[in-house]
Number of protein chains: 2
Amino acid sequence: MRTKLSTADERRPLVTSAAVAAFARTGYRGTTVADVAREAGISSAYVFKLFPSKEQLFVGALDACFDQVVDALGRGVEATTDHTPEGLLDAMGLAYAELIADRSLLMLQVHAQSAAEVPEIGAALRRGYARVTEFASTRSGATDAAVQRFIAFGQLCHLVVTLDLDDAPEPWARTLALGIRHPVFGAVAPAEITEGGAS
Amino acid sequence: MRTKLSTADERRPLVTSAAVAAFARTGYRGTTVADVAREAGISSAYVFKLFPSKEQLFVGALDACFDQVVDALGRGVEATTDHTPEGLLDAMGLAYAELIADRSLLMLQVHAQSAAEVPEIGAALRRGYARVTEFASTRSGATDAAVQRFIAFGQLCHLVVTLDLDDAPEPWARTLALGIRHPVFGAVAPAEITEGGAS
DNA sequence: CATATGAGTGACTGTACACTCACTCTTCCC
DNA sequence: GGGAAGAGTGAGTGTACAGTCACTCATATG
């Protein structure tokens with residue numbers, strides 16, 4: 001009994017997870033479907049039975065990524081007792097920081113942004129950011145400007161993690177990584193950055 | 001007399017510009033050196049005489065990109081009369097917005113971020129952001145938090161332009177694109193156009 | 001048992017691409 | 001004129017990859 005068979009519908013989400021991990025490492029064009037297949041422990045021929053094309057496989061991974069992001073934001077909101085708009089956004093930021101501790105979900109978004117010229121991928125990415133932005137906005141009740149800043153610091157966080165700035169000693173790197181920790185118990189950007197630190 | 005010869009040292013920067021344009025369109029892995037060669041009007045064989053590898057060609061393009069970004073920030077600083085730290089950062093933001101009106105320099109940074117796993121490219125990207133961050137910090141005299149916010153909104157701007165959000169009607173897109181215009185005479189952040197120029 | 005359905009794969013195909021090489025043509029200097 | 005130095009290319013080579021196909025094997029049911 002070498003391999004236990006499962007149904008295609010059971011296997012598809014497993015392959016999607018494998019695709020998230022693989023595409024997160026080397027991006028849309030830098031990852032072969034053989035890489036995804038290896039990660040999933042199946043043959044690449046079977047990946048093409050499960051998904052019609054590499055493009056659709058990537059889109060599936062990206063959708064799954066945003067599912068998890070929105071879920072995490074929701075859990076963050078549930079977990080806080082501070083129900084002010086700023087408190088709710090902070091709670092979401094913290095939850096996001098915990099979620100992306102392993103980098104995969106974050107890197108997938110970065111790679112997707114670079115592949116957004118592919119129409120289906122661009123559309124999926126817009127869909128994802130629409131969900132996140134609308135969720136942050138309606139669930140926090142914050143002003144548009146505050147929501148915009150929330151997303152802006154999310155994007156900065158992507159840069160910091162991509163370039164491994166959070167444990168770089170250079171002053172400029174410390175400036176960009178201020179308050180951003182990707183190790184699990186850290187916090188993400190403080191919302192009150194009005195008159196912050198010293199130089 | 002079909003083609004006027006020029007020296008390799010004259011031609012290299014021309015090819016670098018072509019590389020910026022080509023890589024900006026389809027990214028590091030999505031662009032062939034034949035694409036760059038076509039853009040530059042030479043054969044791909046000759047591109048390899050001018051640059052040792054595709055990777056070094058991309059690094060050259062990225063360095064040139066950051067040269068232009070830092071230059072633009074400098075011109076922004078020269079052009080403003082408001083010498084408060086916030087005024088200087090605003091002026092830099094405005095200059096950056098004008099510089100990236102044609103998207104190439106911005107998209108190249110986005111694509112570079114996705115290719116940062118390639119060691120030489122990651123290093124070049126860190127070099128570039130180091131220059132920008134240090135320049136913004138020392139020339140504005142602003143707090144670390146303000147400089148961080150400056151870069152964060154720059155990253156948001158990358159997202160907005162990549163996803164073409166600035167002329168999308170959806171509310172979430174309007175929220176993210178608040179105050180961000182990429183058409184030439186638009187402004188970034190809460191800054192006004194001060195120079196008296198005709199159309 | 002027979003036979004159907006669907007899971008899963010090895011071996012291919014066609015193409016695209018990074019990089020090389022042998023070569024030609026131009027310019028310049030004697 | 002001759003010939004060295006360098007600009008510039010056409011025609012490759014080797015490899016890697018998206019997608020296909022014909023097939024095997026497991027399970028299910030009558």
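None of these values were measured; they are calculated from a predicted model. Note on naming: letters A, B, ... go to the chains in the order of the sequence lines (proteins, then strands), and numbering restarts at 1 for each one.
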K.L.:
Over all strands shown, is S44(B) touching base, sugar-phosphate only, or nothing at heavy-atom distances under 4.0 angstrom?
P.N.:
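No contact.
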K.L.:
Can you see if the side chain of R11(A) gets near the phosphate of dG8(C) - specifically, an N or O under 4.0 Å from OP1 or OP2?
P.N.:
yes
K.L.:
Give T32(A) one of three labels, base, sugar-phosphate or nothing, depending on what nucleic acid heavy atoms sit under 4.0 Å from its own.
P.N.:
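Sugar-phosphate contact only.
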K.L.:
For D82(B) and T84(B), does a side-chain donor sit closer than 3.5 Å to a side-chain acceptor?
P.N.:
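Judged by distance alone, the side chains do pair up.
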K.L.:
Over how many whole Å does the gap from E10(B) atom CD to dT27(C) atom P extend?
P.N.:
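Atom CD in E10(B) sits about 13 Å away from atom P in dT27(C).
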K.L.:
With the 4.5 Å side-chain cut-off for hydrophobic clustering, are L89(B) and I151(B) part of the same group?
P.N.:
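Result: yes, single cluster for both.
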K.L.:
Which whole-number value in Å describes the distance from D9(A) CG to dG8(C) P?
P.N.:
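To the nearest whole Å, that distance equals 12 Å.
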K.L.:
Let me know the distance between OH of Y46(B) and C1' of dT24(C), rounded to the nearest Å.
P.N.:
14 Å
K.L.:
Could you say whether A45(A) or R29(A) is positioned toward the 5' end of DNA chain D, judged by the nucleotide with the nearest heavy atom to each?
P.N.:
R29(A)
K.L.:
Nearest to the side chain of T7(B), heavy atoms from C-beta on, is which of dA22(D), dA18(D), dA7(D)?
P.N.:
dA7(D)
K.L.:
Under 30°, 30 to 60°, or over 60°: which ring-plane class applies to F58(A) and F23(A), parallel, tilted or perpendicular?
P.N.:
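If you compare the ring of F58(A) with that of F23(A), the planes turn out perpendicular.
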K.L.:
dG6(C) P sits how many Å from R12(A) CZ, rounded?
P.N.:
13 Å
K.L.:
Rounded to whole angstroms, how far apart are CZ on F48(B) and C1' on dG8(D)?
P.N.:
15 Å
K.L.:
Whole angstrom is fine here: how far is it from CG in L50(B) over to P in dC19(C)?
P.N.:
15 Å
